[in-house]
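To start, the structure under review is shown below, and the notes come after it.
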Amino acid sequence: MENYFRGTKQHPYHLSVGAVIVNGENKICCHYFEKVTSRNKFRHFTDFYILMRETMEMGESIEDTLHRGLKEEFGMTGDIVTYIGSIKGNYPIEDISIEKTTLYFLVKMKTFEPELRATEDAEKESEIQWQTIDFLIPKMKAQVARLNSTMDESSILERVQNILQNNL
């Protein structure tokens with residue numbers, strides 16, 4: 001059966017689960033791409049940061065998707081702290097626009113073994129970085145402006161910043 005969570009030309013809606021992962025120093029785990037080409041080969045990006053975002057699979061719960069994403073993208077396990085909201089945006093595929101909704105959770109890292117990340121995962125080409133939230137928010141705002149993107153993860157990080165200031 002086709003995965004109705006994955007956006008296609010025939011079904012232009014996509015659902016993902018995202019995570020803002022914090023370590024013991026309140027640094028955020030992210031993907032960094034010096035250069036990357038989008039999956040649909042339409043766009044090229046440089047100096048690009050993203051949080052964990054994993055497409056839901058058929059029969060998976062939201063939590064299962066999140067934990068699978070942690071393992072595949074970072075070789076990590078973690079505990080969900082709280083739901084922090086969602087963002088909706090669009091990305092092109094072929095000659096249409098896919099509406100993507102990502103549900104984000106704050107996650108406290110438990111284990112981190114990047115050598116165990118999935119080699120077939122789309123984000124395998126990224127450099128895993130731990131950055132401060134004060135570093136990532138302006139970087140993400142600038143890349144949204146530079147790329148004319150609708151997927152602004154800085155708004156999710158601003159919510160997390162408020163949570164962290166009130167002691168995680």
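Only heavy atoms go into these numbers, but all of them, side chains included; no hydrogens, no water, no symmetry mates.
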Rounded to the nearest 0.5 Å, how far does CG of L51 lie from CD1 of I21?
-> 8.0 Å
Indicate yes or no: at least one non-hydrogen side-chain atom of E72 is less than 4.5 angstrom from one of E123.
-> no
More than 12 heavy atoms from other groups under 6.0 Å of CZ on F135 | yes
Evaluate the side-chain proximity of N26 to I133: yes if any heavy-atom separation is below 4.5 Å, no if none is.
-> no
Shared hydrophobic cluster, F5 / L103 (ILVMFWY, side-chain heavy atoms < 4.5 Å) | yes
Side chain to side chain contact (heavy atoms under 4.5 Å, CB included) partners for T8, two or more places apart | E2, Q10, H11
Side-chain heavy-atom pair V22, I28 within 4.5 angstrom cut-off = yes
Closest non-hydrogen atom pair between Q129 and E127, with its separation | NE2-OE2, 3.0 Å
With a 3.5 Å cut-off and no angle check, do the side chains of E57 and N3 form a donor-acceptor pair?
-> yes
If you measure only the distance, is there a donor-acceptor pair under 3.5 Å linking the side chains of T77 and H67?
-> no
Under a 4.5 Å cut-off applied to non-hydrogen side-chain atoms, are F74 and M109 in contact?
-> no
What pair of heavy atoms forms the shortest contact from Q161 to I137, and how long is it?
-> OE1-CD1, 3.6 Å
By side-chain hydrogen bond (donor to acceptor under 3.5 Å, both in side chains), S126 pairs with (sequence neighbours left out) H31, R117
Pairwise side-chain contact, N90 with I98, heavy-atom cut-off 4.5 Å (strictly under) = no
Within a strict 4.5 Å, meaning less than it, do heavy atoms of the M140 and E158 side chains meet?
-> no
Distance col, row I96:CD1 vs K9:NZ, nearest 0.5 angstrom, shows 7.0 Å
Would you mind checking if E113 and K71 are paired as a salt bridge, meaning a charged N to carboxylate O distance below 4.0 Å?
-> no
Between the CG atom in L15 and the OH atom in Y4, the distance rounded to the nearest 0.5 Å is 10.5 Å
Mind checking whether N23 and C29 have side chains closer than 4.5 Å, heavy atoms only?
-> no
What residues form a side chain to side chain contact (heavy atoms under 4.5 Å, CB included) with A142, not counting sequence neighbours?
-> none
Between the main-chain N or O of K100 and the side-chain N or O of H14, is there a donor-acceptor pair closer than 3.5 Å?
-> no
Given ring-ring contact (aromatic ring centres under 6.0 Å, His included), test W130 with F112 step by step and report yes or no.
-> CA-CA 12 Å; W130 290 92; F112 179 50; 5.5 Å; yes
Any idea which heavy atoms bring L66 and G18 closest together, and the distance?
-> CD1-O, 3.8 Å
Validation row: F105, V20 side chains within 4.5 angstrom (heavy atoms) = no
Could you tell me whether the side chain of E153 and the main chain of I50 form a donor-acceptor pair under 3.5 Å?
-> no
Just by distance, do the side chain of Q143 and the backbone of Y49 share a donor-acceptor pair under 3.5 Å?
-> yes
What one should report as the nearest heavy-atom pair of G69 and M52 is C-SD, 3.4 Å
Could you grab the distance from atom NZ of K88 to atom OG1 of T101, nearest 0.5 Å is fine?
-> 5.0 Å
Distance col, row M76:CE vs L116:CG, nearest 0.5 angstrom, shows 11.5 Å
Return yes if a side-chain donor-acceptor contact under 3.5 Å exists between S154 and D152, otherwise no.
-> yes
Will you find, in the side chains of T65 and E54, an N or O donor that is under 3.5 Å from an N or O acceptor?
-> no
Sidechain-backbone polar pair: R159 side chain, I84 backbone, donor-acceptor under 3.5 Å | yes
